[in-house]
Peer 1: 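Take a look at the following structure, please.
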Amino acid sequence: MEVRTRFAPSPTGYMHIGNLRTALYAYLYARKNKGVFILRIEDTDQARLVGDSVKVIYESLAVTGLEHDEGPDKGGPVGPYVQSERCPIYREYADKLLASGRAYRCFCEKHEKQEEPDEEQDGPILGYDGRCSRLSEAEVRANLAKGLPFVIRQKIDREGSTTFKDFVYGDITVDHKQLDDQILLKRDGFPTYNFANVVDDHLMGITHVMRGCEYISSTPKYLLLYGAFGWSAPEHIHLPHIMGPNGKKLSKREGSAALADLLGKGFLPEAILNYIALLGWNPGTEQEFFTKADLIEKFDIARIGKAPAMFDETKLAWLNAQHVKALPPAKAHELFLKFYPEAVVKGFDAVKLTGYIQGKVEKLADIPAMVVFLAKLEEQYSAELFVHAKNKTTLESSKATLAELQGILTALPAWDYASILAAVKGYAEAKGAKLGPVMWPLRIAISGQAVTPTGAVEIAELLGQPETLRRLSVAIAKL
RNA sequence: GGCCCCUUCGUCUAGCGGUUAGGACGCCGCCCUCUCAAGGCGGAGAUCACGGGUUCGAAUCCCGUAGGGGCCGCCA
(Lines give C-alpha, C1' and ligand atoms only; values in the text may rest on other atoms or scores of the structure.)
Protein backbone atom coordinates (compact mmCIF):
# COMPACT_ATOMS: atom_id res chain seq x y z
CA MET A 1 0.00 0.00 0.00
CA GLU A 2 1.19 3.48 -0.80
CA VAL A 3 2.44 5.37 2.21
CA ARG A 4 0.74 8.71 2.81
CA THR A 5 1.82 10.97 5.63
CA ARG A 6 0.74 14.41 6.50
CA PHE A 7 1.92 17.52 8.27
CA ALA A 8 -1.08 19.23 9.80
CA PRO A 9 -0.07 22.43 11.55
CA SER A 10 -2.46 24.99 12.83
CA PRO A 11 -1.64 28.52 11.76
CA THR A 12 -0.11 30.03 14.86
CA GLY A 13 2.08 32.63 13.23
CA TYR A 14 5.41 30.88 13.64
CA MET A 15 6.98 27.50 13.00
CA HIS A 16 7.79 25.79 16.24
CA ILE A 17 10.89 23.64 16.09
CA GLY A 18 9.02 20.67 17.55
CA ASN A 19 6.44 20.93 14.81
CA LEU A 20 9.13 21.22 12.23
CA ARG A 21 10.63 17.97 13.43
CA THR A 22 7.24 16.30 13.17
CA ALA A 23 7.03 17.58 9.62
CA LEU A 24 10.53 16.35 8.92
CA TYR A 25 9.84 12.83 10.16
CA ALA A 26 6.59 12.63 8.21
CA TYR A 27 8.39 13.91 5.14
CA LEU A 28 11.32 11.53 5.52
CA TYR A 29 9.07 8.55 6.03
CA ALA A 30 7.03 9.39 2.95
CA ARG A 31 10.09 9.97 0.78
CA LYS A 32 11.85 6.91 2.07
CA ASN A 33 8.88 4.79 1.10
CA LYS A 34 8.21 6.53 -2.19
CA GLY A 35 4.98 7.73 -0.68
CA VAL A 36 3.09 11.00 -0.57
CA PHE A 37 3.59 13.87 1.85
CA ILE A 38 0.56 16.06 2.41
CA LEU A 39 0.16 19.49 3.93
CA ARG A 40 -3.13 20.18 5.66
CA ILE A 41 -3.96 23.39 7.46
CA GLU A 42 -5.86 22.92 10.70
CA ASP A 43 -7.56 26.24 11.15
CA THR A 44 -10.72 25.22 12.93
CA ASP A 45 -10.25 27.56 15.84
CA GLN A 46 -11.75 30.73 14.52
CA ALA A 47 -10.88 32.64 17.66
CA ARG A 48 -7.18 32.08 17.17
CA LEU A 49 -6.67 32.80 13.55
CA VAL A 50 -3.48 34.73 12.99
CA GLY A 51 -3.18 36.85 9.91
CA ASP A 52 -0.35 35.75 7.68
CA SER A 53 0.44 32.54 9.44
CA VAL A 54 -0.36 30.18 6.60
CA LYS A 55 2.30 32.02 4.66
CA VAL A 56 4.75 31.28 7.46
CA ILE A 57 3.99 27.59 7.05
CA TYR A 58 4.61 27.65 3.31
CA GLU A 59 7.82 29.61 3.74
CA SER A 60 9.09 27.32 6.45
CA LEU A 61 8.56 24.23 4.33
CA ALA A 62 10.08 25.93 1.32
CA VAL A 63 13.22 27.15 3.07
CA THR A 64 13.87 23.75 4.64
CA GLY A 65 13.06 21.91 1.44
CA LEU A 66 10.32 19.82 2.96
CA GLU A 67 8.24 20.06 -0.16
CA HIS A 68 4.77 18.57 -0.01
CA ASP A 69 3.04 16.71 -2.81
CA GLU A 70 -0.50 17.73 -1.99
CA GLY A 71 -1.75 20.77 -0.14
CA PRO A 72 -3.78 23.95 -0.34
CA ASP A 73 -1.35 25.57 -2.74
CA LYS A 74 -0.72 22.46 -4.82
CA GLY A 75 -4.09 20.83 -4.89
CA GLY A 76 -4.56 17.09 -4.95
CA PRO A 77 -7.21 14.41 -5.23
CA VAL A 78 -8.54 14.62 -1.68
CA GLY A 79 -8.87 18.36 -1.11
CA PRO A 80 -9.68 20.85 0.04
CA TYR A 81 -6.63 20.80 2.28
CA VAL A 82 -7.74 23.57 4.57
CA GLN A 83 -10.07 22.45 7.31
CA SER A 84 -12.12 25.61 7.37
CA GLU A 85 -13.08 24.80 3.78
CA ARG A 86 -14.21 21.33 4.71
CA CYS A 87 -17.04 22.21 7.08
CA PRO A 88 -19.75 20.62 4.93
CA ILE A 89 -17.81 17.38 5.04
CA TYR A 90 -17.60 17.35 8.82
CA ARG A 91 -21.28 18.19 9.00
CA GLU A 92 -22.07 15.28 6.74
CA TYR A 93 -20.07 12.82 8.81
CA ALA A 94 -21.43 14.16 12.07
CA ASP A 95 -24.92 13.60 10.71
CA LYS A 96 -24.03 10.01 9.95
CA LEU A 97 -23.04 9.50 13.55
CA LEU A 98 -26.18 11.24 14.71
CA ALA A 99 -28.25 8.93 12.53
CA SER A 100 -26.54 5.81 13.79
CA GLY A 101 -26.87 6.90 17.39
CA ARG A 102 -23.11 7.17 17.93
CA ALA A 103 -23.41 10.89 18.55
CA TYR A 104 -25.95 13.28 20.00
CA ARG A 105 -26.74 16.95 20.32
CA CYS A 106 -25.75 18.59 23.57
CA PHE A 107 -27.41 21.80 24.69
CA CYS A 108 -25.39 22.31 27.86
CA GLU A 109 -23.42 25.39 28.80
CA LYS A 110 -19.75 25.57 27.89
CA HIS A 111 -17.55 23.55 30.17
CA GLU A 112 -14.41 25.62 30.66
CA LYS A 113 -11.04 24.10 31.23
CA GLN A 114 -10.21 23.52 34.87
CA GLU A 115 -6.92 25.29 35.54
CA GLU A 116 -6.17 23.73 38.89
CA PRO A 117 -7.75 20.35 39.42
CA ASP A 118 -9.48 20.39 42.77
CA GLU A 119 -7.10 19.16 45.47
CA GLU A 120 -10.00 17.97 47.58
CA GLN A 121 -11.45 15.89 44.85
CA ASP A 122 -11.15 12.22 45.59
CA GLY A 123 -12.20 10.43 42.49
CA PRO A 124 -11.20 11.12 38.93
CA ILE A 125 -12.35 14.23 37.17
CA LEU A 126 -15.14 12.89 35.08
CA GLY A 127 -15.52 15.46 32.35
CA TYR A 128 -18.90 15.80 30.77
CA ASP A 129 -21.51 13.60 32.39
CA GLY A 130 -23.42 12.81 29.21
CA ARG A 131 -26.78 14.12 30.39
CA CYS A 132 -27.89 15.31 26.97
CA SER A 133 -27.46 11.80 25.60
CA ARG A 134 -30.51 10.93 27.69
CA LEU A 135 -32.72 13.61 26.22
CA SER A 136 -35.83 12.25 24.58
CA GLU A 137 -36.45 12.85 20.93
CA ALA A 138 -39.25 15.23 21.84
CA GLU A 139 -36.98 17.25 24.12
CA VAL A 140 -34.35 17.52 21.42
CA ARG A 141 -37.00 18.67 18.92
CA ALA A 142 -38.29 21.23 21.39
CA ASN A 143 -34.77 22.61 22.03
CA LEU A 144 -34.14 22.80 18.34
CA ALA A 145 -37.45 24.59 17.80
CA LYS A 146 -36.45 27.11 20.47
CA GLY A 147 -33.27 27.72 18.53
CA LEU A 148 -31.02 26.67 21.41
CA PRO A 149 -27.39 26.44 20.41
CA PHE A 150 -25.83 23.01 20.61
CA VAL A 151 -22.72 20.98 20.01
CA ILE A 152 -22.49 17.44 18.76
CA ARG A 153 -20.87 14.95 21.07
CA GLN A 154 -19.61 11.48 20.41
CA LYS A 155 -21.31 8.89 22.58
CA ILE A 156 -18.64 6.88 24.31
CA ASP A 157 -19.35 3.73 26.23
CA ARG A 158 -17.31 3.97 29.38
CA GLU A 159 -17.06 0.24 29.80
CA GLY A 160 -13.88 -1.54 28.81
CA SER A 161 -10.63 -0.17 27.50
CA THR A 162 -8.75 0.40 24.29
CA THR A 163 -5.27 -0.82 23.52
CA PHE A 164 -3.37 0.32 20.50
CA LYS A 165 0.12 -0.21 19.24
CA ASP A 166 2.21 2.87 18.89
CA PHE A 167 5.32 2.49 16.75
CA VAL A 168 7.42 4.34 19.26
CA TYR A 169 5.80 3.69 22.60
CA GLY A 170 4.52 0.20 22.09
CA ASP A 171 1.21 -1.00 23.47
CA ILE A 172 -0.79 1.75 25.15
CA THR A 173 -3.92 0.91 27.07
CA VAL A 174 -6.41 3.47 28.22
CA ASP A 175 -9.43 2.66 30.33
CA HIS A 176 -12.64 4.07 28.88
CA LYS A 177 -13.47 5.41 32.31
CA GLN A 178 -10.84 8.07 31.53
CA LEU A 179 -12.79 9.20 28.49
CA ASP A 180 -15.83 11.40 28.17
CA ASP A 181 -18.24 12.24 25.41
CA GLN A 182 -15.96 14.43 23.35
CA ILE A 183 -17.25 17.27 21.28
CA LEU A 184 -17.15 16.67 17.55
CA LEU A 185 -18.79 19.78 16.22
CA LYS A 186 -18.59 23.04 18.07
CA ARG A 187 -21.36 25.52 18.54
CA ASP A 188 -20.01 27.60 15.67
CA GLY A 189 -20.27 24.63 13.35
CA PHE A 190 -16.55 24.06 13.14
CA PRO A 191 -15.19 20.66 14.07
CA THR A 192 -12.83 20.07 16.96
CA TYR A 193 -9.37 18.67 16.34
CA ASN A 194 -10.64 15.40 17.73
CA PHE A 195 -13.14 15.04 14.95
CA ALA A 196 -11.53 16.78 12.00
CA ASN A 197 -8.31 14.90 12.44
CA VAL A 198 -10.03 11.54 12.23
CA VAL A 199 -12.31 12.40 9.34
CA ASP A 200 -9.53 14.03 7.35
CA ASP A 201 -6.91 11.39 7.97
CA HIS A 202 -9.36 8.79 6.79
CA LEU A 203 -10.65 10.70 3.79
CA MET A 204 -7.14 11.71 2.79
CA GLY A 205 -5.94 8.16 2.98
CA ILE A 206 -3.28 8.80 5.60
CA THR A 207 -1.51 5.57 6.43
CA HIS A 208 0.85 6.79 9.14
CA VAL A 209 -0.07 9.46 11.63
CA MET A 210 2.92 11.22 13.18
CA ARG A 211 2.36 13.77 15.89
CA GLY A 212 3.57 14.87 19.29
CA CYS A 213 3.17 12.49 22.21
CA GLU A 214 0.68 14.82 23.91
CA TYR A 215 -1.92 13.03 21.82
CA ILE A 216 -1.22 9.57 23.20
CA SER A 217 -3.86 9.78 25.91
CA SER A 218 -6.56 10.82 23.53
CA THR A 219 -5.73 8.41 20.75
CA PRO A 220 -8.19 5.81 22.08
CA LYS A 221 -10.96 8.37 21.59
CA TYR A 222 -9.94 8.76 17.98
CA LEU A 223 -9.79 5.03 17.58
CA LEU A 224 -13.31 4.74 18.91
CA LEU A 225 -14.33 7.25 16.29
CA TYR A 226 -12.75 5.22 13.52
CA GLY A 227 -14.65 2.27 14.90
CA ALA A 228 -17.93 4.17 14.98
CA PHE A 229 -17.53 4.87 11.29
CA GLY A 230 -16.41 1.36 10.55
CA TRP A 231 -13.09 2.62 9.27
CA SER A 232 -9.74 0.98 9.80
CA ALA A 233 -7.31 3.19 11.66
CA PRO A 234 -3.91 4.31 10.42
CA GLU A 235 -0.65 3.47 12.17
CA HIS A 236 0.32 5.80 14.97
CA ILE A 237 3.77 7.17 15.60
CA HIS A 238 3.89 9.50 18.58
CA LEU A 239 7.00 11.57 19.02
CA PRO A 240 8.70 12.59 22.26
CA HIS A 241 8.90 16.28 22.98
CA ILE A 242 11.82 18.59 22.40
CA MET A 243 12.62 20.47 25.57
CA GLY A 244 14.35 23.78 26.09
CA PRO A 245 17.43 24.22 28.24
CA ASN A 246 16.64 23.43 31.90
CA GLY A 247 14.31 20.73 30.74
CA LYS A 248 11.46 23.18 30.48
CA LYS A 249 9.18 23.34 27.54
CA LEU A 250 10.82 24.92 24.51
CA SER A 251 9.33 28.38 24.60
CA LYS A 252 9.17 31.16 22.13
CA ARG A 253 10.75 33.48 24.67
CA GLU A 254 14.07 31.65 24.72
CA GLY A 255 14.59 32.53 21.11
CA SER A 256 15.27 29.09 19.75
CA ALA A 257 11.77 27.67 19.60
CA ALA A 258 10.89 29.13 16.24
CA LEU A 259 12.49 28.31 12.94
CA ALA A 260 12.66 32.01 12.12
CA ASP A 261 14.75 32.67 15.24
CA LEU A 262 17.25 30.02 14.28
CA LEU A 263 17.45 31.26 10.72
CA GLY A 264 17.94 34.77 12.03
CA LYS A 265 20.94 33.62 14.05
CA GLY A 266 22.50 32.37 10.88
CA PHE A 267 21.91 28.67 11.14
CA LEU A 268 21.62 26.93 7.80
CA PRO A 269 18.29 25.21 7.06
CA GLU A 270 20.09 21.97 6.27
CA ALA A 271 21.96 22.12 9.58
CA ILE A 272 18.74 22.74 11.47
CA LEU A 273 17.10 19.78 9.78
CA ASN A 274 20.15 17.63 10.47
CA TYR A 275 20.17 18.63 14.12
CA ILE A 276 16.50 18.18 14.89
CA ALA A 277 16.45 14.87 13.04
CA LEU A 278 18.94 13.68 15.64
CA LEU A 279 16.81 14.84 18.56
CA GLY A 280 14.88 11.68 19.12
CA TRP A 281 16.26 9.61 16.32
CA ASN A 282 19.62 8.10 15.47
CA PRO A 283 20.82 5.99 12.58
CA GLY A 284 22.37 3.28 14.71
CA THR A 285 25.76 4.18 13.30
CA GLU A 286 28.11 6.94 14.33
CA GLN A 287 27.18 9.21 11.49
CA GLU A 288 26.07 12.65 12.61
CA PHE A 289 26.43 14.76 9.52
CA PHE A 290 23.48 14.27 7.23
CA THR A 291 22.30 15.93 4.10
CA LYS A 292 18.59 15.72 3.44
CA ALA A 293 19.21 12.95 0.92
CA ASP A 294 21.18 11.04 3.57
CA LEU A 295 18.33 11.39 6.01
CA ILE A 296 15.83 10.07 3.51
CA GLU A 297 18.03 7.09 2.89
CA LYS A 298 18.82 6.32 6.53
CA PHE A 299 15.66 7.34 8.33
CA ASP A 300 13.84 4.54 10.11
CA ILE A 301 10.90 5.01 12.45
CA ALA A 302 11.99 1.93 14.37
CA ARG A 303 14.92 3.97 15.65
CA ILE A 304 12.92 6.85 17.10
CA GLY A 305 13.47 7.14 20.83
CA LYS A 306 10.94 7.63 23.61
CA ALA A 307 12.67 10.05 25.92
CA PRO A 308 12.33 13.81 25.50
CA ALA A 309 15.44 15.61 24.29
CA MET A 310 16.81 18.97 25.24
CA PHE A 311 17.57 21.43 22.52
CA ASP A 312 21.28 22.32 22.66
CA GLU A 313 22.22 25.32 20.58
CA THR A 314 25.93 24.67 21.11
CA LYS A 315 25.77 21.39 19.33
CA LEU A 316 23.63 22.90 16.62
CA ALA A 317 26.37 25.49 16.14
CA TRP A 318 28.97 22.76 15.70
CA LEU A 319 26.82 20.92 13.21
CA ASN A 320 26.16 24.19 11.45
CA ALA A 321 29.90 24.76 11.09
CA GLN A 322 30.17 21.34 9.47
CA HIS A 323 27.49 22.28 6.98
CA VAL A 324 29.08 25.64 6.29
CA LYS A 325 32.36 23.90 5.54
CA ALA A 326 30.61 21.52 3.18
CA LEU A 327 29.10 24.36 1.15
CA PRO A 328 30.40 24.79 -2.39
CA PRO A 329 32.59 27.94 -2.33
CA ALA A 330 30.26 29.86 -4.62
CA LYS A 331 27.26 29.06 -2.45
CA ALA A 332 29.15 29.98 0.70
CA HIS A 333 30.10 33.29 -0.82
CA GLU A 334 26.56 34.04 -1.84
CA LEU A 335 25.42 33.47 1.75
CA PHE A 336 28.33 35.28 3.37
CA LEU A 337 27.80 38.31 1.16
CA LYS A 338 24.57 39.04 3.01
CA PHE A 339 26.50 39.32 6.24
CA TYR A 340 29.59 41.23 5.17
CA PRO A 341 29.57 44.88 6.19
CA GLU A 342 29.37 47.14 3.16
CA ALA A 343 32.83 48.56 3.75
CA VAL A 344 34.31 45.08 3.63
CA VAL A 345 32.62 44.19 0.36
CA LYS A 346 33.66 47.46 -1.19
CA GLY A 347 37.20 47.59 0.00
CA PHE A 348 38.35 44.00 -0.20
CA ASP A 349 38.47 40.89 -2.28
CA ALA A 350 35.39 39.35 -0.73
CA VAL A 351 35.61 36.11 -2.67
CA LYS A 352 39.09 35.53 -1.33
CA LEU A 353 37.92 36.48 2.16
CA THR A 354 35.16 33.88 2.00
CA GLY A 355 37.67 31.25 0.99
CA TYR A 356 39.82 32.11 3.98
CA ILE A 357 37.09 32.08 6.61
CA GLN A 358 34.67 29.43 5.38
CA GLY A 359 36.25 26.82 7.62
CA LYS A 360 35.89 29.04 10.66
CA VAL A 361 32.33 30.27 10.54
CA GLU A 362 29.92 28.71 13.00
CA LYS A 363 26.86 30.89 12.58
CA LEU A 364 26.49 33.26 9.67
CA ALA A 365 25.42 35.96 12.08
CA ASP A 366 28.92 35.86 13.59
CA ILE A 367 30.43 36.99 10.31
CA PRO A 368 30.18 40.79 10.67
CA ALA A 369 32.05 40.81 13.96
CA MET A 370 34.68 38.49 12.50
CA VAL A 371 35.59 40.72 9.58
CA VAL A 372 35.01 44.35 10.57
CA PHE A 373 38.63 44.77 11.57
CA LEU A 374 39.55 44.63 7.89
CA ALA A 375 37.62 47.76 7.09
CA LYS A 376 38.61 49.62 10.20
CA LEU A 377 41.51 49.10 12.53
CA GLU A 378 40.50 49.67 16.12
CA GLU A 379 43.56 51.74 16.93
CA GLN A 380 42.90 51.78 20.64
CA TYR A 381 43.81 48.11 21.04
CA SER A 382 46.04 47.29 23.97
CA ALA A 383 49.77 46.97 23.43
CA GLU A 384 49.67 44.07 25.86
CA LEU A 385 48.33 41.92 23.05
CA PHE A 386 51.85 41.78 21.68
CA VAL A 387 53.07 39.97 24.74
CA HIS A 388 52.74 36.27 24.21
CA ALA A 389 54.57 33.76 26.40
CA LYS A 390 54.42 30.79 24.09
CA ASN A 391 55.81 32.74 21.18
CA LYS A 392 58.28 34.47 23.47
CA THR A 393 57.28 37.94 22.33
CA THR A 394 57.54 41.08 24.44
CA LEU A 395 56.79 44.72 23.77
CA GLU A 396 60.42 45.35 22.90
CA SER A 397 60.91 42.32 20.70
CA SER A 398 57.65 43.04 18.90
CA LYS A 399 58.66 46.60 18.17
CA ALA A 400 61.99 45.50 16.74
CA THR A 401 60.41 42.73 14.70
CA LEU A 402 57.74 45.01 13.33
CA ALA A 403 60.22 47.71 12.37
CA GLU A 404 62.36 45.24 10.45
CA LEU A 405 59.32 43.62 8.89
CA GLN A 406 58.09 46.99 7.77
CA GLY A 407 61.31 47.56 5.91
CA ILE A 408 61.14 44.20 4.20
CA LEU A 409 57.47 44.52 3.27
CA THR A 410 57.96 48.04 1.97
CA ALA A 411 60.55 46.72 -0.45
CA LEU A 412 58.38 43.81 -1.54
CA PRO A 413 57.69 44.18 -5.28
CA ALA A 414 54.71 41.79 -5.48
CA TRP A 415 51.84 41.73 -3.00
CA ASP A 416 50.37 38.28 -3.04
CA TYR A 417 50.08 35.46 -0.53
CA ALA A 418 53.15 33.55 -1.69
CA SER A 419 55.37 36.60 -1.81
CA ILE A 420 54.36 37.86 1.60
CA LEU A 421 54.77 34.44 3.15
CA ALA A 422 58.17 34.00 1.53
CA ALA A 423 59.29 37.40 2.77
CA VAL A 424 58.18 36.74 6.34
CA LYS A 425 59.67 33.27 6.35
CA GLY A 426 62.89 34.54 4.88
CA TYR A 427 63.10 37.16 7.59
CA ALA A 428 62.49 34.61 10.34
CA GLU A 429 65.08 32.25 8.92
CA ALA A 430 67.64 35.00 8.58
CA LYS A 431 67.16 35.78 12.25
CA GLY A 432 67.26 32.12 13.16
CA ALA A 433 63.82 32.47 14.69
CA LYS A 434 60.76 30.29 14.42
CA LEU A 435 57.78 31.65 12.55
CA GLY A 436 55.59 32.15 15.64
CA PRO A 437 57.55 35.02 17.20
CA VAL A 438 57.33 36.86 13.90
CA MET A 439 53.78 36.04 12.90
CA TRP A 440 52.28 36.86 16.26
CA PRO A 441 53.22 40.54 16.38
CA LEU A 442 52.52 40.92 12.67
CA ARG A 443 49.00 39.63 13.06
CA ILE A 444 48.30 41.71 16.14
CA ALA A 445 49.60 44.83 14.44
CA ILE A 446 47.54 44.51 11.31
CA SER A 447 44.35 43.31 12.99
CA GLY A 448 44.42 44.91 16.40
CA GLN A 449 42.96 41.68 17.75
CA ALA A 450 44.21 38.63 19.57
CA VAL A 451 41.82 36.39 17.68
CA THR A 452 41.29 36.67 13.96
CA PRO A 453 39.37 34.55 11.50
CA THR A 454 42.41 33.83 9.39
CA GLY A 455 46.20 34.04 9.50
CA ALA A 456 48.51 37.05 9.37
CA VAL A 457 49.60 36.51 5.78
CA GLU A 458 46.05 36.25 4.50
CA ILE A 459 45.13 39.39 6.38
CA ALA A 460 48.08 41.32 4.99
CA GLU A 461 47.23 40.14 1.50
CA LEU A 462 43.62 41.27 1.86
CA LEU A 463 44.56 44.61 3.37
CA GLY A 464 46.98 45.45 0.58
CA GLN A 465 50.47 46.83 0.91
CA PRO A 466 49.76 50.47 1.83
CA GLU A 467 47.26 49.66 4.58
CA THR A 468 49.44 46.87 5.96
CA LEU A 469 52.39 49.25 6.19
CA ARG A 470 50.22 51.94 7.74
CA ARG A 471 49.00 49.57 10.44
CA LEU A 472 52.57 48.51 11.09
CA SER A 473 53.43 52.15 11.69
CA VAL A 474 50.54 52.56 14.07
CA ALA A 475 51.78 49.55 16.03
CA ILE A 476 55.40 50.73 16.09
CA ALA A 477 54.28 54.14 17.35
CA LYS A 478 52.17 52.46 20.01
CA LEU A 479 55.15 50.43 21.17
C1' G B 1 -6.57 14.03 42.17
C1' G B 2 -7.19 10.02 38.07
C1' C B 3 -4.90 7.91 33.90
C1' C B 4 -0.83 7.47 30.28
C1' C B 5 4.33 7.96 29.28
C1' C B 6 9.62 8.79 30.26
C1' U B 7 14.56 8.05 33.20
C1' U B 8 22.58 5.61 30.37
C1' C B 9 28.52 11.00 31.14
C1' G B 10 26.42 18.41 31.86
C1' U B 11 23.80 17.71 26.74
C1' C B 12 22.43 14.42 22.22
C1' U B 13 22.86 9.28 22.22
C1' A B 14 24.75 3.56 21.29
C1' G B 15 23.36 -0.63 24.02
C1' C B 16 18.19 -4.85 23.21
C1' G B 17 21.27 -11.17 29.39
C1' G B 18 27.94 -11.84 29.52
C1' U B 19 31.14 -4.87 26.67
C1' U B 20 37.31 -2.21 30.10
C1' A B 21 29.27 0.69 29.28
C1' G B 22 30.86 2.94 22.85
C1' G B 23 30.37 7.66 20.01
C1' A B 24 29.27 13.06 19.43
C1' C B 25 28.91 18.28 21.45
C1' G B 26 31.08 21.03 25.28
C1' C B 27 35.47 21.09 28.64
C1' C B 28 40.93 20.06 29.52
C1' G B 29 45.81 18.60 27.57
C1' C B 30 49.29 17.42 23.67
C1' C B 31 50.83 17.53 18.48
C1' C B 32 50.83 20.18 13.98
C1' U B 33 50.92 25.13 12.70
C1' C B 34 51.35 31.66 10.49
C1' U B 35 48.05 33.25 16.83
C1' C B 36 43.14 31.53 17.72
C1' A B 37 40.58 28.19 15.04
C1' A B 38 40.46 23.99 11.92
C1' G B 39 42.78 19.09 11.77
C1' G B 40 45.16 14.83 14.44
C1' C B 41 45.87 12.42 19.15
C1' G B 42 44.70 11.83 24.26
C1' G B 43 42.09 12.93 29.05
C1' A B 44 38.46 13.99 32.71
C1' G B 45 33.30 13.01 32.85
C1' A B 46 27.88 7.63 33.76
C1' U B 47 27.94 3.57 41.26
C1' C B 48 23.20 2.99 33.75
C1' A B 49 17.18 7.47 38.95
C1' C B 50 16.51 4.34 43.47
C1' G B 51 14.93 -0.38 45.92
C1' G B 52 13.64 -5.27 45.43
C1' G B 53 13.36 -9.63 42.64
C1' U B 54 14.32 -13.45 38.18
C1' U B 55 19.10 -15.46 36.52
C1' C B 56 25.38 -18.71 36.98
C1' G B 57 25.27 -13.58 35.17
C1' A B 58 21.07 -7.48 34.44
C1' A B 59 21.96 -0.87 31.96
C1' U B 60 19.26 -4.75 29.39
C1' C B 61 13.62 -9.04 31.93
C1' C B 62 9.69 -8.45 36.19
C1' C B 63 7.58 -5.65 40.43
C1' G B 64 7.64 -1.42 43.38
C1' U B 65 9.39 3.75 44.71
C1' A B 66 11.02 8.54 43.41
C1' G B 67 11.61 12.44 39.98
C1' G B 68 10.05 14.53 35.31
C1' G B 69 6.54 15.11 31.24
C1' G B 70 1.62 14.64 29.06
C1' C B 71 -3.84 14.30 29.00
C1' C B 72 -8.30 15.16 31.75
C1' G B 73 -10.91 22.54 26.83
C1' C B 74 -16.85 24.24 22.32
C1' C B 75 -7.10 24.51 21.88
C1' A B 76 -4.73 21.86 18.74
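These numbers were taken from a predicted model, which means no experiment stands behind them. Every chain is numbered from 1, with letters handed out A, B, ... down the list of sequences.
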Peer 1: Could you give the side-chain donor-acceptor pairs of residues 13-23 of chain A under 3.5 Å, partners two or more places apart or in another chain?
Peer 2:
unit_1	atom_1	unit_2	atom_2	d
Arg21(A)	NH1	Leu279(A)	O	2.6
Arg21(A)	NH2	Pro240(A)	O	2.4
Thr22(A)	OG1	Gly18(A)	O	3.1

Peer 1: Tell me, please, which residues at least two apart from Tyr226(A) pass ring pair (Phe, Tyr, Trp, His ring centres under 6.0 Å).
Peer 2: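 By the ring pair (Phe, Tyr, Trp, His ring centres under 6.0 Å) rule, Tyr226(A) matches no residue at all.
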Peer 1: Could I get a table of every N or O pair under 3.5 Å where one atom is in the protein and the other is in nucleotides 4-6 of chain B?
Peer 2:
unit_1	atom_1	unit_2	atom_2	d
C6(B)	OP1	Lys306(A)	NZ	3.4

Peer 1: Between protein and nucleotides 21-27 of chain B, what N or O pairs are separated by less than 3.5 Å?
Peer 2:
unit_1	atom_1	unit_2	atom_2	d
G23(B)	O4'	Glu286(A)	OE2	3.1
A24(B)	O4'	Glu288(A)	OE1	3.1
A24(B)	O2'	Glu288(A)	OE1	2.2
A24(B)	O2'	Lys315(A)	NZ	3.1
A24(B)	N3	Lys315(A)	NZ	3.1

Peer 1: Checking Arg40(A) now: which residues fulfil side-chain hydrogen bond (donor to acceptor under 3.5 Å, both in side chains) with it, not counting sequence neighbours?
Peer 2: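 Residues passing side-chain hydrogen bond (donor to acceptor under 3.5 Å, both in side chains) with Arg40(A): Glu42(A), Asp201(A).
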Peer 1: Check ring pair (Phe, Tyr, Trp, His ring centres under 6.0 Å) between His202(A) and all other residues, then give those that pass, not counting sequence neighbours.
Peer 2: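 Here the qualifying residues are Trp231(A).
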Peer 1: Give, ordered by number, those residues of residues 11-22 of chain A having at least one heavy-atom distance below 4.0 Å to an atom of RNA chain B; if nothing qualifies, reply none.
Peer 2: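 Under 4.0 Å from RNA chain B: no residue of residues 11-22 of chain A.
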Peer 1: Got a sec, which residues hit side-chain hydrogen bond (donor to acceptor under 3.5 Å, both in side chains) with Arg131(A), two or more places apart in sequence or on another chain?
Peer 2: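 Arg131(A): side-chain hydrogen bond (donor to acceptor under 3.5 Å, both in side chains) contacts with Asp129(A).
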Peer 1: Once salt bridge (charged side-chain N to carboxylate O under 4.0 Å, His left out) is applied, do any residues pair with Glu85(A), and if so which ones, sequence neighbours excluded?
Peer 2: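 Result, salt bridge (charged side-chain N to carboxylate O under 4.0 Å, His left out) vs Glu85(A): none returned.
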Peer 1: Can you list everything that forms a ring pair (Phe, Tyr, Trp, His ring centres under 6.0 Å) with Tyr275(A)? Sequence neighbours excluded, please.
Peer 2: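 Result, ring pair (Phe, Tyr, Trp, His ring centres under 6.0 Å) vs Tyr275(A): Phe311(A).
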Peer 1: Could you pull out all residues at least two apart from Asp175(A) that satisfy salt bridge (charged side-chain N to carboxylate O under 4.0 Å, His left out)?
Peer 2: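 For Asp175(A), the residues satisfying salt bridge (charged side-chain N to carboxylate O under 4.0 Å, His left out) (neighbours in sequence not counted) are Lys177(A).
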Peer 1: Establish, from distance only, whether the side-chain atoms of Thr163(A) and Asp171(A) form a donor-acceptor pair under 3.5 Å.
Peer 2: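 No - no donor-acceptor pair under 3.5 Å links their side chains.
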Peer 1: List in chain and number order the residues that pass salt bridge (charged side-chain N to carboxylate O under 4.0 Å, His left out) with Lys331(A), two or more places apart in sequence or in another chain; answer none if no residue qualifies.
Peer 2: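 Only Glu334(A) meet the salt bridge (charged side-chain N to carboxylate O under 4.0 Å, His left out) criterion with Lys331(A).
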